[in-house]
Amino acid sequence: MKNGLAALVVGFIFSLGLGISGMTQPQKVVGFLDLFGNWDPSLMFVMVGAIGVHMVSYRIIRRRHSPLLSRAWHVPEKKEITPALVSGAVIFGIGWGLAGFCPGPAVTALASLSVKPLVFVVSMIGGMLIFRAVDQRLNLQK
């Protein structure tokens, strides 16, 4: 119960941040990625600010023996750069550039009841299901 409540609160705060920063507006994201056109650098400040806050808070929080609501840390341990990681990053970047959404902002933008985020989220889930089927057949994540 405490973990679910904590996840709900953190998700809500994250969604507020995405909405306030403009990450839920595809035209803002596309403007940020348009380096040789009408470039909008405002998202760069959002990203640099988030990285700065994370760098400081992560080091402070990791001094704890465990998180507040768990007995152990659950952080990614893989450090290898694999073909699956690179191809996933490329697909992510292409999708972000074409649609102006990445997963978090798209899910947040569902609250706008607009069709674009709905199409993106349904397509994203479809892509995830296709990847799962291909991965089970070809074992891409060795």
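Just so it is clear, the model here is predicted, and its values are computed rather than measured.
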Which heavy atom of [X] sits nearest to which heavy atom of [Y], and what is that distance?
X      : Y      : value
Leu69  : Ala6   : CD1-CB, 3.3 Å
Met23  : Cys102 : CE-SG, 4.5 Å
Arg64  : Trp73  : O-NE1, 3.4 Å
Ala106 : Phe120 : CB-CD2, 3.2 Å
Thr108 : Ser15  : OG1-OG, 3.4 Å
Ser42  : Asp40  : OG-OD1, 2.9 Å

Looking at [atom1] of [X] and [atom2] of [Y], how far apart are the two atoms once the value is rounded to the nearest 0.5 Å?
X      : Y      : atom1 : atom2 : result
Lys116 : Phe101 : NZ    : CZ    : 8.0 Å
Leu129 : Met124 : CG    : CE    : 10.5 Å
Ile61  : His54  : CD1   : NE2   : 9.0 Å

Step by step, would you call Thr82 with Val86 a side-chain contact (heavy atoms from CB on, under 4.5 Å)? CA-CA 6 Å; Thr82 62; Val86 172; over 6 Å; no
Side chain to side chain, Val75 and Tyr58, heavy atoms closer than 4.5 Å: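 Result yes, sub-4.5 Å side-chain heavy-atom pair found.
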Val9 versus Ile13: any side-chain heavy-atom pair under 4.5 Å?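 Sidechains of Ile13 and Val9: in contact.
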Residues in side chain to side chain donor-acceptor pair (under 3.5 Å) contact with Ser70, at least two apart in sequence or another chain: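 Checked Ser70 against side chain to side chain donor-acceptor pair (under 3.5 Å); matches are His74.
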Tell me whether [Y] is reachable from [X] by hopping between hydrophobic residues (I, L, V, M, F, W, Y) whose side-chain heavy atoms are closer than 4.5 Å.
X      : Y      : result
Leu35  : Val46  : yes
Leu118 : Val121 : yes
Met47  : Leu33  : yes
Leu18  : Phe92  : no
Trp96  : Leu98  : no

Does CE belonging to Met44 count more than 12 external heavy atoms closer than 6.0 Å?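 Above 12, so yes.
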Counting only heavy atoms not in Arg59 (residues, nucleotides, ligands), do more than 12 fall under 6.0 Å from its CZ?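 Not more than 12 within 6.0 Å, no.
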Look only at the side chain of Trp39 and the backbone of Phe32, and say whether a donor-acceptor pair between them is shorter than 3.5 Å.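 A pair under 3.5 Å: yes.
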